[in-house]
Amino acid sequence: MVVALDLQDFLLRARVLKLYRQALRISRRAPPDSKDEVRQIIRQEVENNRSCKDKQRIRFLISDGVERLKRLDETLDMQGR
């Protein structure tokens, strides 16, 4: 089944996928013993909100995800990873 997306939906979807890819790239720098757990958490966050249709909520989740990703990146930088 193909669902037609309007331009705004398409752009939001692209932002979500970009954030997800960035998160997975940053998770590669996590310590080996916690790398799988970080990836699981990232995937779970995306899956928990997969059915969200409210565009305003999606925008909020994206901005929240960006902030959380920045904190993870800074934490990994401080650890020298």
Side-chain angles (χ1 to χ4, degrees):
M1 181 170 116
V2 176
V3 177
L5 298 176
D6 65 8
L7 180 60
Q8 195 174 34
D9 289 341
F10 179 79
L11 294 174
L12 279 175
R13 183 177 185 273
R15 287 177 62 197
V16 169
L17 292 174
K18 179 181 176 184
L19 179 62
Y20 182 65
R21 286 191 301 269
Q22 286 175 330
L24 290 178
R25 282 188 200 109
I26 288 174
S27 74
R28 291 182 200 156
R29 296 178 24 221
D33 57 327
S34 63
K35 192 178 293 191
D36 288 336
E37 183 181 357
V38 171
R39 286 187 180 158
Q40 261 184 323
I41 291 168
I42 292 167
R43 177 152 179 96
Q44 190 62 46
E45 287 290 328
V46 173
E47 287 296 323
N48 287 346
N49 295 295
R50 183 179 206 131
S51 62
C52 182
K53 302 294 182 204
D54 181 9
K55 292 177 186 178
Q56 188 172 359
R57 173 122 175 97
I58 293 170
R59 284 188 206 95
F60 168 78
L61 290 168
I62 290 170
S63 61
D64 183 54
V66 168
E67 290 303 315
R68 292 171 67 183
L69 195 55
K70 283 180 188 176
R71 285 195 306 266
L72 175 62
D73 192 31
E74 289 169 0
T75 302
L76 292 172
D77 281 345
M78 286 190 285
Q79 291 178 352
R81 300 205 167 264

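- Residues Glu45 and Arg68 are in side-chain contact: their nearest non-hydrogen atoms beyond the backbone lie under 4.5 Å apart.
- Taken from CZ in Arg15 to CG in Leu12, the straight-line distance is 6.0 Å, to the nearest 0.5 Å.
- Just one residue in the list Glu37, Arg43, Arg39, Gln40 forms a side chain to side chain contact (heavy atoms under 4.5 Å, CB included) with Ser27, and that residue is Arg39.
- Following chains of ILVMFWY side-chain contacts shorter than 4.5 Å, one cannot reach Leu19 starting from Leu61, and the two form parts of different hydrophobic clusters.
- Nearest heavy atoms, Tyr20 versus Val46: CD1-CG2, 3.5 Å.
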Derivation of the salt bridge (Lys or Arg N to Asp or Glu O under 4.0 Å) call for Asp6 and Lys55: CA-CA 12 Å; Asp6 65 8; Lys55 292 177 186 178; 3.5 Å; yes
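- Note on Glu74 versus Arg71: no salt bridge recorded, every NZ/NE/NH1/NH2 to OD/OE distance being 4.0 Å or above.
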CA sep, side-chain torsions, deciding dist, call: Asn48, Gln44, side chain to side chain donor-acceptor pair (under 3.5 Å): CA-CA 6 Å; Asn48 287 346; Gln44 190 62 46; 2.7 Å; yes
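- Residue Lys18 places its NZ atom among 12 or fewer non-hydrogen atoms of other residues, nucleotides or ligands, all under 6.0 Å distant.
- Crowding of Glu47 atom CD: a count of heavy atoms from other residues, nucleotides or ligands under 6.0 Å exceeding 12.
- The nearest pair of heavy atoms linking Val38 to Ala30 is CG2-CB, 4.2 Å.
- Looking at heavy atoms from C-beta onward, Val66 lies out of side-chain contact with Gln22 at the 4.5 angstrom threshold.
- Around atom CZ of Arg13, no more than 12 heavy atoms belonging to other residues, nucleotides or ligands sit under 6.0 Å away.
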